[in-house]
Amino acid sequence: MADSLYIANLEKDSGKLVVTLGVMELLSRRIDHIGFFRPITPGDGTNDNDTNLIKQRYNINLTYEEMAGISHDEARALIAAGEERRLFREIVRRFSEVRKKCDFLLCEGPTIINMSEAFDYDISIRIARELGTPTLHVANGRNCDAAEILENIRVAEKIYEQYQCPLLAIFVNRIDPDLLTRAEEEIRRISRGKPYRIDFLPEMEGFSMPTMEEIIQSLGARHFSGPRKGLQRDVHAIKVAAMSPANFIDFLEEDDLIITPGDRPDIIFATLGSIASRNYPSPVGMLLSGGLEPSPSMVKLLNGIDDLALPIYIVPSDTYRTAMRAGEIKGALRPHNEQKIARALGVFESHVDTSGLEQLVIETVSTTMSPLMFEYSLFQRARNERKHIVLPEGEEERILQAAEILRNRDVVDLTLLGEEKIIRNRAAALGLKLQDVAIVDPKTSPLRDEFIETLHQLRRHKGFTLDYARDAINDVSYFGTMMVHTNRADGMVSGAVHTTQHTIRPAFQIIRTRPEVLVVSSVFFMCLDTRVLVYGDCAVNPNPNSEELAEIAIRSAETAAMFHIEPIVAMLSYSSGDSGQGEDVERVRQAVLLARKRRPDLKIDGPIQYDAAIDIAVANEKMPESEVAGRATVFIFPDLNTGNNTYKAVQRSSGAVAIGPILQGLNKPVNDLSRGCLVPDIVNTVAITAIQAQAVQK
């Protein structure tokens, strides 16, 4: 197995960072201690965007200095002094030092800018040769036809042969989407039999466009009014507003950045009007030039507008210089720009055979499973058979952010519930684009009458009158559950702002349990550093009896197997084996007998203490004959008090990622969120719900 990998390019603007990000996402799920290294960093080497992005996103346990070889400025000086060998020697030394601290080291070659022409052309491949590192090459296919792309591949191939550098794969990036299929077919035919693989990535529309945040940071703009955060919308064009408002608004286009002098309140009013009007597009923001601040009355007026969706900033330069400088700013993948990162990863994972690439790069499969590995498997499986998930809490900020990530990663189809105007305004204020995400208002939906009648028929035997059903359908939890019940959606995820009971009660009443299920229960996926464990039941059943515990164990084992976790079930208690007595221990002991009788194929043991279930050394002392002790992957707690407190203790003290609660036993998947959930928790829970929906339909 190789212990390092290099990503190189020969042309400028190849989009190498997209490939670096995709490969790092892949490797980080299989390798515990992965490092990142740039042999030559831009400028003076003190602030490399690529290094910052990778370090922050993947929590690289190296200092910035360890991840940086030598700066462009230093490299240029050494070349000018005829000290090229010294340059490579220093890079090799620093590379060798940092490689000792990692299980695997991913290297990204230098950015091709402003060195001598000869150095620019082949420096990246020469470094790879000196490091003795297998290489992935990124070619720039932008504005190229198939013949030009093929020629670029041949040139790269010759240079790798010249330097005897092992070439594993070539990624042709930034291809015109209309050319993609034709180019793939022609190039694959001509290059058949080559010792390396070829993958193709399309040009991502607007990917090089700067965001509002990037522009205001580059210009040193000062906040005047409107949102300060969530300025992640791409700026598609810059418009200088010099004409009258009546003429100006006809030139407005979606995602424009407006530049106007600070003494033009008429332009500010016209822009605000375009945002409020459904007849005009919504700009990204506004820059007031000349350092001019609007009048106090204008300030007072703007401060009195709730949820003002237009960020307004002031710059000291005049309008012309401001427009020229803003137009020169290029968009980039930056550490905090989750939107572009999600889009980049979505394109990479959709167009690259990641399984084949993984086999090529790593050659051996790790037995560990990190949270990132688990997340990756979730996304891959959800994407393979896409399902439709409804999110009732569509007006909640975290739900909106998760929705955009899920669509950018192309994981599921989504419907948000809530008032469309509120959702759109909040999404705009956060800089989010909810493309292909449906929005349904339960209070105005044409589905209301059907849902009211269906709910009435389902629950009339329990006293649900027609009026009661009409009121219930206004509740997003009931409306979302009815969407699942009537096959308008395949599953539902809620609970970010609602209680567990509010989320699951409609599911119990409408979707109900599968015929063979005795009791609905829940599990948490506890993602530790190197493995994923299953905890149940930590959210639903307060004091299960022996039969219910057996049921929880069997369903939790099935859930574990569904997500490729070998089910080895430990039925927990305060004693292990035959050492303890008492009603609580006996309840667990009887549950083990019942579970084994119903599912003799499963590995189930108990009563067993947690330490004996998870630690092989303790297991050898307390239960040496058990096939579960020390090896458990599924932990069944004797009651809700124990389970809920334990999962939270493990989560908070170890830094484990807790995904759930995931409900099991319903006819169709409905899952609850913790009200303290983070955006990644929502994303993962939605993916899990989609996979459960896949299983329901098989």
Side-chain angles (χ1 to χ4, degrees), residues 378 381-382 385-392 412-415 417 440 442 447 450-462 464 469 472-473 475-495 498 500-525 534 536-541 544 547-548 550-563 567 598-599 659-673 685-698:
L378 295 179
R381 293 180 63 191
E385 187 184 337
R386 214 155 84 184
K387 295 299 178 184
H388 183 180
I389 306 300
V390 58
L391 303 177
V412 293
D413 295 322
L414 291 173
T415 291
L417 299 187
V440 174
L447 297 173
E450 176 191 339
F451 285 3
I452 291 168
E453 179 61 29
T454 302
L455 180 59
H456 177 232
Q457 294 299 325
L458 286 172
R459 301 296 296 169
R460 64 190 304 175
H461 67 288
K462 291 291 186 179
F464 255 59
I473 287 302
D475 187 301
V476 290
S477 291
Y478 272 97
F479 192 95
T481 304
M482 288 299 299
M483 286 186 66
V484 177
H485 176 71
T486 60
N487 296 319
R488 264 81 176 202
D490 300 305
M492 183 178 92
V493 174
S494 189
H498 292 101
T500 294
Q501 284 302 312
H502 188 277
T503 297
I504 67 177
R505 184 185 297 112
F508 287 173
Q509 295 174 347
I510 299 168
I511 294 175
R512 302 174 182 169
T513 59
R514 302 198 304 271
E516 74 278 12
V517 173
L518 299 178
V519 61
V520 172
S521 57
S522 72
V523 295
F524 278 87
F525 290 104
V534 177
D537 177 2
C538 304
V540 178
N541 296 285
E547 192 172 20
E548 290 169 336
E551 173 73 10
I552 293 168
I554 291 170
R555 301 308 165 198
S556 299
E558 291 173 350
T559 299
M562 183 189 300
F563 292 93
R598 291 175 55 190
R599 288 292 304 273
I659 303 173
I662 306 301
L663 298 184
Q664 47 195 18
L666 292 169
N667 279 309
K668 295 181 180 180
V670 171
N671 284 315
D672 184 31
L673 297 165
T685 303
V686 169
I688 286 172
T689 306
I691 295 169
Q692 287 180 306
Q694 294 171 1
V696 165
Q697 296 182 1
K698 291 181 180 177

Side-chain touch F479/V390, heavy atoms, less than 4.5 angstrom: no
Test log, rule side-chain contact (heavy atoms from CB on, under 4.5 Å), inputs K668 and N487: CA-CA 10 Å; K668 295 181 180 180; N487 296 319; 2.3 Å; yes
Trace of the side-chain contact (heavy atoms from CB on, under 4.5 Å) decision for M483 with L417: CA-CA 11 Å; M483 286 186 66; L417 299 187; 4.0 Å; yes
Side-chain donor-acceptor contact under 3.5 Å, H502 with S477: yes
Expected output: side-chain N671 to main-chain V493 donor-acceptor under 3.5 Å: no
Short side-chain to backbone donor-acceptor contact, D672 and P661, under 3.5 Å: no
Reference residue D537; test side chain to side chain donor-acceptor pair (under 3.5 Å); the match among S556, S522, S521: S522
Test item: R555 and E516 side chains (from C-beta on) under 4.5 Å apart, heavy atoms: yes
Backbone of I389 reached by a side-chain donor or acceptor of D490 within 3.5 Å: no
E547 atom CD, over 12 foreign heavy atoms within 6.0 Å: no
Sidechain-backbone polar pair: Q694 side chain, E385 backbone, donor-acceptor under 3.5 Å: yes
Donor-acceptor pair, side chain of K387 and main chain of A693, under 3.5 angstrom: no
